[in-house]
Number of protein chains: 4
Amino acid sequence: MSQLAANSAATAETKRLRPARTNATRQKLFDAAMHLIGERGASGVTVDEIAAAAGVSKGTVYYNFGSKSDLVAQLVRHGVDLMLEQLAEAKAAEDPIESTRNMIDQAIQFLSEYPSFARLWVSENWKIPSEWHEVFTELRGKLLAVIGEALDGIALKYPVNPKIARGSLETAIFGASFVVGLDVQTYHPERTRAQSVDAIMTFVHGYVLP
Amino acid sequence: MSQLAANSAATAETKRLRPARTNATRQKLFDAAMHLIGERGASGVTVDEIAAAAGVSKGTVYYNFGSKSDLVAQLVRHGVDLMLEQLAEAKAAEDPIESTRNMIDQAIQFLSEYPSFARLWVSENWKIPSEWHEVFTELRGKLLAVIGEALDGIALKYPVNPKIARGSLETAIFGASFVVGLDVQTYHPERTRAQSVDAIMTFVHGYVLP
Amino acid sequence: MSQLAANSAATAETKRLRPARTNATRQKLFDAAMHLIGERGASGVTVDEIAAAAGVSKGTVYYNFGSKSDLVAQLVRHGVDLMLEQLAEAKAAEDPIESTRNMIDQAIQFLSEYPSFARLWVSENWKIPSEWHEVFTELRGKLLAVIGEALDGIALKYPVNPKIARGSLETAIFGASFVVGLDVQTYHPERTRAQSVDAIMTFVHGYVLP
Amino acid sequence: MSQLAANSAATAETKRLRPARTNATRQKLFDAAMHLIGERGASGVTVDEIAAAAGVSKGTVYYNFGSKSDLVAQLVRHGVDLMLEQLAEAKAAEDPIESTRNMIDQAIQFLSEYPSFARLWVSENWKIPSEWHEVFTELRGKLLAVIGEALDGIALKYPVNPKIARGSLETAIFGASFVVGLDVQTYHPERTRAQSVDAIMTFVHGYVLP
DNA sequence: AATGAATGAGCATTCATTCAT
DNA sequence: CATGAATGAATGCTCATTCAT
């Protein structure tokens, strides 16, 4: 079953994010591609497989997405949009630290709902040359900016360690979140979301001076 | 130039890790493969390219390594051994926090010397099925154990936050290190190693109670 | 712009040659197809491109012409009719040599106006099997007949070299005309029509005894 | 059977023209490709067919020629080299007109021996954009130069018509030769080579003033 | 009369692997 | 030890054609 469709809570948002002319076909291909590529990586999946999994012909993939590369790019973009939207909703709290915690919690939840997206991200992000370098650069910037805003909010209200290079800190939190999120699914399904969030929040608490 | 050979400080250790019957041909192939695969990923490099870069014929690759997959597996195992060895050397400090910092510093340095290894890790580790799953799982356990020991050392000497679930914390540090290390190379080559280490070390200040 | 429509002098004739029920859509497709196929050859143009150039949907091409092959066949037939008609008009001169010159001049002009037709001819005529063999064979016969009549007229009024095998001579003139006409467009756009005609007319001076 | 190999008289020359490292494989592919492409055009023949006709696997085509496009380019180049060599041998006569006649005779004979080459030439030469435009331009220049030299020889010894634009005249002779050569095979196998040559020589006689 | 989504057979090309020398 | 010619299964992509609307 489609991972995207599986998340009933996100259905309303998902719909908004999709292009106006959402065909059943495009959606089926999207879901099938996200699932397969998330598991085996973009280069480990053939267009034939995606088409078969979506129950359409190979030509249909090209009719709808132009190329395998474009399909992946749209997949990444869609995932990030969805993640950003969920993060935006999460940060509405009084205290900035609380707000940041909510955000990380939401991120971990997102990664558990869309493990394929997380795998796609980590497996394609740092390749050289990456076919989707521009897409990743842009989307990486957006995600880091969201983390950065949360840290800004904290720095406004609390004293923070000025020695910590911002930028690197965002990246550390970003990386910790992705890896913790993936590892929970692959190696430690028994761990609770709260445990993951607490571990990642350690970085935040270390940023704030006592 | 070979990334392995580039690290003169590690030369002695490196030699020990290599098969006794290391001939020039095997070594040339090893270096060429590490370099190319580090840049473009295992599936992004052809056996022809590796052979050409090593200045030998394609048949020689098969004569020496049996298959492309075996070549990569040997590459990964070599990286694993080397990283563990370097981390072991790094933790020899009086203060456990200082020791942990040394370890992280060493890890970041290792990732910058063997970007191939780090990229291979993130792109293959969570795949289903992963071609080199065993070797990755083994390394993961060993690395998390090393981080765990460092945390144990800290917990013995300092009061730490008991709410933090150990296990998740190791994973968070592990993930932060890999992602920060990779991001520096791909997106921020201007950042210093100290910046990266400081950012990752933030977790200590969050873990240790004030 | 349409090559067919471009020739204002031929407009009246052209209209006559077109199917009575010429609607705008068919005409747009006809013009677009002639233009594109003239430049890149029948197999080098896709139905999508023709439809796009005509500003209609792909289905419309099939609705109007049944198949790409049929569209090309109609294009060729139209060219045949037009060329024969123009040659017929040209030979109305007193002197048979003058009449022949007019004909060749008209042929060269036709080839420059319908390069599509000439290119289609040379690229398809001698293929085994040729998709449009019948229509080409028919045209070939008619064209050689026209040249033959011109030679008959010359032979009636002037002494000619009896050693020259008629039949081969027509073919030589025919070939010279097509190749000179095509070469002007592809390699020597600076050459005048008069130059081309003079070169081809050389055969007359070689045919007619001094 | 191979057209190239079929000409026992040309075997000696053929051998000389081939690259030093002439494999049986390359030669088989060359022959098969020339035959098939000559009949159906470059785009009408698949690499599978060429490989099958040569009795090798498809990969072997790419191992030896790099791409279908390169194979065709080498085919054209080889054919022209062969033709030029035969023409060079033919023009060794006292009288320049006699020499020219020998050359045209040789050309017609060449075209009858290698009809595939002639078809390949006419079907690919004038396409826009031609994949092999540079190759054709270069080789076209060489062939026209040979005709031009013959005409130069005539102009030195005989009075010639100064009104005739040289360049166009070469093209006319060139085109007449190819088309007469092809038409004999396709439509008039009963015609003798002398008839063809006489017809083409009409252009030459028309060039010389009485 | 027209559309455009969908199809699927077909094609050029790649590449890990084999093997005779 | 090493080579490099040969292989063939796999793959991304094209495009003429169909058909429900």
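Proteins get letters first, then strands, A, B, ... in listed order; numbering begins at 1 in each.
- What separates CG of C:Leu29 from P of F:dA16 is a distance of 14 Å, to the nearest Å.
- For A:Lys68, whose side chain is taken as the heavy atoms from C-beta onward, the closest listed nucleotide among F:dT7, F:dC13, E:dA12 is F:dC13.
- Rounded to a whole Å, the CD atom of C:Gln27 is 18 Å from the C1' atom of E:dA2.
- Checking F:dT7 for Watson-Crick or G-U wobble geometry (two distances, each under 3.5 Å) identifies E:dA16 as its partner.
- Taking for each of B:Gly44 and C:Gly55 the nucleotide of DNA chain E with the nearest heavy atom, the 5'-most of the two is the partner of C:Gly55.
- Neither OP1 nor OP2 of F:dA16 sits under 4.0 Å from any side-chain N or O of C:Ser69.
- Atom OH of A:Tyr62 is separated from atom P of F:dA16 by 18 Å (rounded to the nearest Å).
- D:Asp48 places its CG atom 16 Å from the P atom of E:dA9, with the value rounded to the nearest Å.
- Remark: C:Arg26 is positioned above the aromatic ring of C:Phe65, its terminal NZ or CZ atom under 6.0 angstrom from the ring centre and at most 45 degrees off the axis.
- Each of B:Gly66 and A:Val56 has a nearest nucleotide on DNA chain E; the 5'-most of these lies closest to A:Val56.
- At least one donor-acceptor pair closer than 3.5 Å links the side chain of A:Thr137 to the backbone N or O of A:His133.
- With C:Glu124 contributing its side chain and C:Glu131 its backbone, the two residues share no donor-acceptor pair below 3.5 Å.
- Distances shown here put a side-chain N or O of B:Ser57 below 4.0 Å from the OP1 or OP2 atom of F:dT3.
- One can place NZ of A:Lys58 at 10 Å from C1' of E:dA9, the figure rounded to the nearest angstrom.
- Here the P atom of nucleotide E:dA12 and the CD1 atom of D:Ile50 are 8 Å apart, to the nearest Å.
- Nucleic acid contact class of A:Val45 (heavy atoms, under 4.0 Å, all strands): sugar-phosphate only.
- Mapping D:Gly59 and A:Ser67 onto DNA chain F via the closest heavy atom, the residue that lands nearer the 5' end is D:Gly59.
- For F:dC1, the OP1/OP2 oxygens have no side-chain nitrogen or oxygen of B:Tyr63 closer than 4.0 Å.
- Across all strands shown, the partner of F:dC13 is E:dG10, judged by Watson-Crick or G-U wobble contacts whose two distances both fall under 3.5 Å.
- Atom CG of B:Leu120 is separated from atom CE of B:Met34 by 8.5 Å, given to the nearest 0.5 angstrom.
- Between the CG atom of A:Asp70 and the P atom of F:dG12 there is a distance of 14 Å, rounded to whole Å.
- Between D:Phe136 and D:Trp132, the angle of the ring planes goes over 60°, which puts this pair in the perpendicular group of the 30/60° scheme.
- In this entry the distance linking CZ of D:Phe65 with C1' of E:dT14 reads 18 Å, nearest Å.
- Listed pair B:Thr60 / F:dT3 meets the phosphate criterion, a side-chain N or O lying under 4.0 Å from OP1 or OP2.
- Between E:dA2 and C:Thr25, a contact under 4.0 Å exists linking OP1 or OP2 to a side-chain N or O.
- The main-chain N or O of A:Gly41 is never found under 3.5 Å from a side-chain atom of A:Arg119 such that the two would form a donor-acceptor pair.
- OP1 and OP2 of E:dA1 both lie 4.0 Å or more from every side-chain N or O belonging to C:Asn64.
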